[in-house]
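Values in this document were obtained by computation on a predicted structure and should not be read as measured data.
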Amino acid sequence: MAVMGKTIMVLTLTGRVLHDAVSFIVFSFLDILDLILCFAFKAVDFVIEAEWKPCYCTSAKEAITSSGKILVSEQGESKIVCLTSTKLGLEEISDTLYTRPSLVSEISKSTVNELKRIKVEDKSSTVTVQSSQKIKKGTMRSTFTVNSTIVAMLQGKIGGQHLHPISRWSDCDCKFCTSWTSSSKETLFVRAEGPKDKAKEDVLFIHGFISSSAFWTETLFPNFSNAAQSTYRLFAIDLLGFGRSPKPADSLYTLREHLEMIEQSVLEQYKVKSFHIVAHSLGCILALALAVKHPGSVKSLTLLAPPYYKVPKGALAAQHVMRQVAPRRVWPLITFGASIACWYEHITRAICLVICKNHRLWEFLTKLVTRNRIKTFLIEGFFCHTHNAAWHTLHNIICGTGSKLDGYLDSVRDHLKCDVNIFHGKNDELIPVECSYNVQQKIPRARVKVIDNEDHITIVVRRQKAFARELEEIWNRSSG
């Protein structure tokens, strides 16, 4: 037994070292590939669109535009942008958009910083005295930096000009993806079901990252009981930039933009006064922000796989969350995919060019091969978005709200009386079960249910009938 235990330990350690080595090689190669694609896309953009498309590979620069003053706090925490006529909160823009060091440079930097830390500890008292003296004399000044891509995009907003309001050459221009351009109102696509006049309550469904309203309408909606369908108005939305909703190329897809579109498209348009919320993955962040913004209107919160990571004291929240979601590992595959999506702007654009721009072909092949409607709608939701929407939503919502979630959860705990229920698949390899328990620690009244043998997607897709019944119980209990 002792020999077997040592053998297992050696094999485990060997496997871990091998995995780390392979991950290092793979992601070092991807760093180089992303740089090459950066120049390639710039050249093609210039040929086709007659202008250079700014990207976040550019090192952060000190900049004040002639259109208005831009003020940003130091140490990676974006604060405020002051415009001539309006104000745009740069606190909504995640620093992970423009601060994503290569794997080699990050390892080198961490090594150098560790050596510096040892030296600095011996001089800490001297440094403290000198710093305080500089402050008293008024000679210490903060350095404010702004990424050139943000400046370029904001210039379009300030001047009232859209850089590429509809689509770019690398985006799909089919009728499905651009249907929003034919409408006079730029509101989200909303799938509404239930009684129009006699509905007693409303339910809002918010999907996760690179998904669509079909995640709910193809699974849960057909499985609600007749009583539920006659009692509740059900609203499933395509988030800004996804599915059949608007995909403005000049949008930064911030938390504010997402929330305002939900409010305009559902709460205002359908005159919703009080409602239940059901949200999955990234949608949980929007659900919490929406609940805090409308504390007296939310009757229940049902969160599936909420991406809530505890941020260590002193750490940059957005950077910490990005490294939790995308640790740059080749296994499991879903983690590898998340790492590519988070770290590589141009590789993901190339993937979107191949897949999203040609989504009709891929959907046809999926239907031909699987002949399975559930798998088909999942593919449709995965393909129908633009790179700009996915890239900014991932960083500004999942990473960028890392410093805000504690406040949202505290508000739900202290100021909202709504029922809170959390579901998580035990086999979820993208967002660990610990995230749900972290939420419960912040909101003790929250009920957490971990589903055996289910993962990030099958928590709904493979158990839609059972989950529909569970939701009905939650709504009945919350309305009682």
Side-chain angles (χ1 to χ4, degrees), residues 1-34 96 100-119 121 209 281 304-344 347 394 398-399 402 405 422-442 448-459 462-463:
M1 291 296 292
V3 175
M4 183 176 293
K6 290 182 179 180
T7 302
I8 294 174
M9 184 173 65
V10 170
L11 290 175
T12 301
L13 181 61
T14 303
R16 188 177 302 169
V17 172
L18 182 62
H19 177 249
D20 289 345
V22 172
S23 297
F24 178 81
I25 294 171
V26 169
F27 283 98
S28 296
F29 168 75
L30 292 178
D31 287 337
I32 298 173
L33 178 60
D34 197 62
T96 57
R100 290 169 286 106
S102 67
L103 188 59
V104 174
S105 66
E106 189 168 41
I107 292 175
S108 301
K109 185 177 180 180
S110 63
T111 303
V112 172
N113 287 341
E114 183 62 24
L115 294 175
K116 286 182 177 180
R117 184 186 63 81
I118 296 174
K119 292 182 179 181
E121 285 179 351
F209 186 58
S281 192
L304 288 79
Y308 171 55
Y309 299 89
K310 289 185 175 181
V311 180
K313 187 177 181 180
L316 295 177
Q319 293 290 334
H320 174 76
V321 172
M322 181 173 70
R323 283 161 175 75
Q324 295 298 310
V325 174
R328 285 191 285 198
R329 295 287 182 266
V330 297
W331 191 261
L333 289 178
I334 195 168
T335 301
F336 179 60
S339 298
I340 291 177
C342 273
W343 288 92
Y344 301 107
I347 292 176
L394 174 61
I398 291 186
C399 301
L405 284 183
I422 306 170
F423 294 83
H424 213 120
K426 190 173 184 178
N427 296 340
D428 194 331
E429 294 179 323
L430 181 61
I431 298 176
V433 177
E434 287 75 18
C435 287
S436 287
Y437 288 119
N438 289 342
V439 174
Q440 188 182 44
Q441 288 180 3
K442 296 288 289 184
V448 175
K449 183 174 182 179
V450 178
I451 312 299
D452 292 332
N453 304 317
E454 304 298 352
D455 58 29
H456 196 67
I457 301 298
T458 61
I459 191 175
R462 216 159 55 182
R463 55 185 301 273

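- Side-chain contact between Ser23 and Trp331: absent, with no pair of heavy atoms (C-beta onward) separated by less than 4.5 Å.
- The side-chain contact (heavy atoms from CB on, under 4.5 Å) test with Leu430 is passed by exactly one of Ile334, Thr335, Ile457: Ile334.
- Atom CZ of Arg462 is separated from atom CG of Asp455 by 6.5 Å, given to the nearest 0.5 angstrom.
- Using a distance-only test at 3.5 Å, with no hydrogens or angles considered, no donor-acceptor pair links the side chain of Arg16 to the main chain of Thr12.
- Arg328 contributes no side-chain N or O that, together with a main-chain N or O of Ser339, makes up a donor-acceptor pair within less than 3.5 Å.
- Only one option out of Met322, Gln319, His320 pairs with Cys399 in a side-chain contact (heavy atoms from CB on, under 4.5 Å); it is Met322.
- Note that OH of Tyr309 and CZ of Arg323 are 14.0 Å apart. Values are rounded to the nearest 0.5 Å.
- Put simply, the side chain of Cys342 does not reach to within 4.5 Å of the side chain of Thr96, judged on heavy atoms.
- The only option from Ile431, Ile459, Asp428 that meets the side-chain contact (heavy atoms from CB on, under 4.5 Å) definition with Ser281 turns out to be Ile431.
- Although no hydrogens or angles enter the test, the distance criterion places a donor-acceptor pair under 3.5 Å between the side chain of Ser28 and the main chain of Phe24.
- Here the shortest heavy-atom pairing between Ile422 and Pro306 reads CG2-CD, 3.9 Å.
- Side-chain N or O atoms of Asn438 include one that pairs as donor or acceptor with a backbone N or O of Glu434 at under 3.5 Å.
- Atom-to-atom distance recorded for Phe423:CZ and Glu454:CD is 12.5 Å, nearest 0.5 angstrom.
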Can you check side-chain contact (heavy atoms from CB on, under 4.5 Å) on Tyr344 and Leu33, steps first, answer last? CA-CA 9 Å; Tyr344 301 107; Leu33 178 60; over 6 Å; no
May I have the step-by-step check of side-chain contact (heavy atoms from CB on, under 4.5 Å) for Phe27 and Val330, ending in yes or no? CA-CA 9 Å; Phe27 283 98; Val330 297; 4.1 Å; yes
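- To the nearest 0.5 Å, atoms CD1 (Ile451) and NE2 (His424) are separated by 10.5 Å.
- What you find for Ala317 and Val311 is that their closest heavy atoms are CA-CG1, 3.8 Å.
- Here the shortest heavy-atom pairing between Arg463 and Thr458 reads CG-O, 3.7 Å.
- Between Ser436 and Lys449 the shortest side-chain heavy-atom distance does not fall below 4.5 Å.
- Put simply, CE on Met9 and OG1 on Thr14 are 10.0 Å apart, with the number rounded to the nearest 0.5 Å.
- Residues Asp34 and Trp343 are not in side-chain contact: their nearest non-hydrogen atoms beyond the backbone lie 4.5 Å or more apart.
- A 4.5 Å side-chain heavy-atom check between Val26 and Phe336 finds at least one atom pair inside the cut-off.
- Looking at every heavy atom in both residues, Ile340 comes nearest to Leu30 through CG1-CD1, 4.2 Å.
- Two residues are said to be in side-chain contact when any heavy atoms from C-beta on lie closer than 4.5 Å; His456 and Leu304 fail this criterion.
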